[in-house]
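Working notes, beginning with the structure itself.
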Amino acid sequence: MNFDEIIERNQTNSMKWDAVKTIYKSDDVWPMWVADMDFKAPQPVLDALHRVTEHGVFGYHLPPESLREAISEWMLKRFDWQVETKQITFTPGVVPAIHHLIQALTNEGDKIIIQPPVYYPFFSLVNVNKRELLENFLLEDSGSYQMDMDDLETHMKNGAKMLILCNPHNPSGRMWKQDELVELLELCKKYNVTLVSDEIHSDVILHGKHVPLASIAGAEDVQVATCMAPSKTFNLAALQLSYVISNDDELQRKLELQMKQTFSGIGSPFASAAAEAAYREGEPWLEDMLAYVQSNVDYVKQRLDEQMPKIRYMDPESTYLLWLDFRALNFEEKDLEQWLRQDARLALNDGHTFGKPGSGFARMNLGCPRSHVKEGLDRLQKAYEQLV
Ligand SMILES: Cc1ncc(COP(=O)(O)O)c(C=O)c1O
């Protein structure tokens, strides 16, 4: 696979490319925002999709047992995690899955903890469902994030029912270590808090090994719903297939009832075929993609270090999303946004949308050909040089 290849996405109904001008209110902004990649999916996935098209009948679908088996084999191979196929519930996206989990497992007014700066839909999922949002802010330490366990315990003492964990964490690409997850599980056990573990980025690992929360000894004493998908891994977001792995029958029963009652998650033959092909035959593509993304990260780090030293970054352990720190440029929040759009002519995700600690940061997507990254960095450098 040639990851340098430029594939035209303008006027293909791509959110990243076709909504950018409207959302960023400019005709000349370079899209490095929405978390999808500009790469073609693995060839076995394309072949599987062709086979579905050739069949030509697109009636209501049932995800096959063979897909569950492919997922279970992937979990064992990639994470040494034994998952039984019956633990898997298909969902039409991780965000919808979290919505259904909130509905199924909590009541209006219940308290739900999230850990900002964090993937911004977590805020609205809690708010639109009329649950009370508790923010356990991450702490910055030596250019990385740490969990504030004392604050977390205070929220739990105050009656939190659920914690939505993001692991690996978006933004920053921080991978929570086993001892941190053990501590988290102990607190959840002590205060009877259900864990929704969003592990959508678990395959996009640049250094180290992902540890699924539910695979840790002691996790069986806590209700854990692990949300995963092939969407980030193989660039299949538009196919809208994800799944929840439940470690508790009661949790799964409630989730499935909620989904049944709202007629959600029937699935599509395209999504099932693509996901199964990806898990069974997409691993070489994934390894090549990860090496390519790492080389993009290295390229950006080098240019920032040498040419734009006041723009800092959190070195990502995972994800193709780089968390850039502009605080040394001393902008007010609105001025930073304006500078990025109008001077640097870049569409990045504004840091404050991830919550208060994201202020002064922006997220840059490096899941794209190197020439695209270079253009983005050239734009940034030009604006930077006029500033400092
Ligand atoms: C942490 C996290 N969860 C969920 C999603 C979106 O998942 P989906 O498209 O399956 O709803 C993203 C996408 O960027 C994400 O970063």
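Just so we're clear, the structure is a prediction, and the values are computed from it rather than from any experiment. As the structure lists them, so they are numbered: ligands from 1, and atoms in each ligand from 1. Residues take their numbers from the sequence shown, with the count starting at 1.
Using modelled atom types, one finds a donor on one side chain and an acceptor on the other under 3.5 Å when comparing Glu333 with Ser359.
Put simply, part of His201 is less than 4.0 Å from ligand 1, judged by heavy atoms.
The nearest heavy-atom contact from the protein to atom 6 (C) of ligand 1 is Tyr119 OH, 3.2 Å. The closest protein non-hydrogen atom to atom 1 (C) of ligand 1 is Asp198 OD2, 3.3 Å. Taking atom 13 (C) of ligand 1 as the reference point, the nearest protein heavy-atom neighbour is Lys232 NZ, 2.7 Å. When only non-hydrogen protein atoms are considered, atom 7 (O) of ligand 1 lies nearest to Ile200 CD1, 3.3 Å.
Interface atoms of ligand 1 facing Ala35, defined by a heavy-atom separation under 4.0 Å, are 14 (O). Which parts of ligand 1 touch Pro96 is read off a 4.0 Å heavy-atom cut-off, strictly below it: atoms 11 (O). Atoms of ligand 1 lying under 4.0 Å from at least one heavy atom of Gly93, given by number and element, are 10 (O), 11 (O).
For atom 9 (O) of ligand 1, the protein comes within 4.0 Å by no heavy atom at all.
Arg9 and Asp38 are joined by a salt bridge, as a carboxylate oxygen and a charged side-chain nitrogen come within less than 4.0 angstrom of each other. A salt bridge is defined here as a Lys NZ or Arg NE, NH1 or NH2 lying under 4.0 Å from an Asp or Glu carboxylate O, and Lys190 with Glu153 meets this definition. Using a 4.0 Å cut-off between charged nitrogen and carboxylate oxygen, Asp305 and Arg312 count as a salt-bridge pair. The residues Lys232 and Glu199 are annotated as not salt-bridged, no charged nitrogen and carboxylate oxygen being separated by less than 4.0 angstrom.
Geometrically, ligand 1 and Val95 share a nitrogen or oxygen pair separated by less than 3.5 Å. Taking any N or O of Cys166, backbone or side chain, none lies under 3.5 Å from an N or O belonging to ligand 1. Between Asn170 and ligand 1, at least one pair of N/O atoms sits closer than 3.5 Å.
Within the cation-pi definition used here (under 6.0 Å to the ring centroid, within 45° of the axis), Arg370 qualifies as a partner of Tyr299.
The main-chain N or O of Ile200 is found under 3.5 Å from a side-chain atom of Asp198 such that the two form a donor-acceptor pair.
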Full working for side chain to side chain donor-acceptor pair (under 3.5 Å) between Gln223 and Thr194: CA-CA 5 Å; Gln223 276 196 327; Thr194 297; 3.0 Å; yes
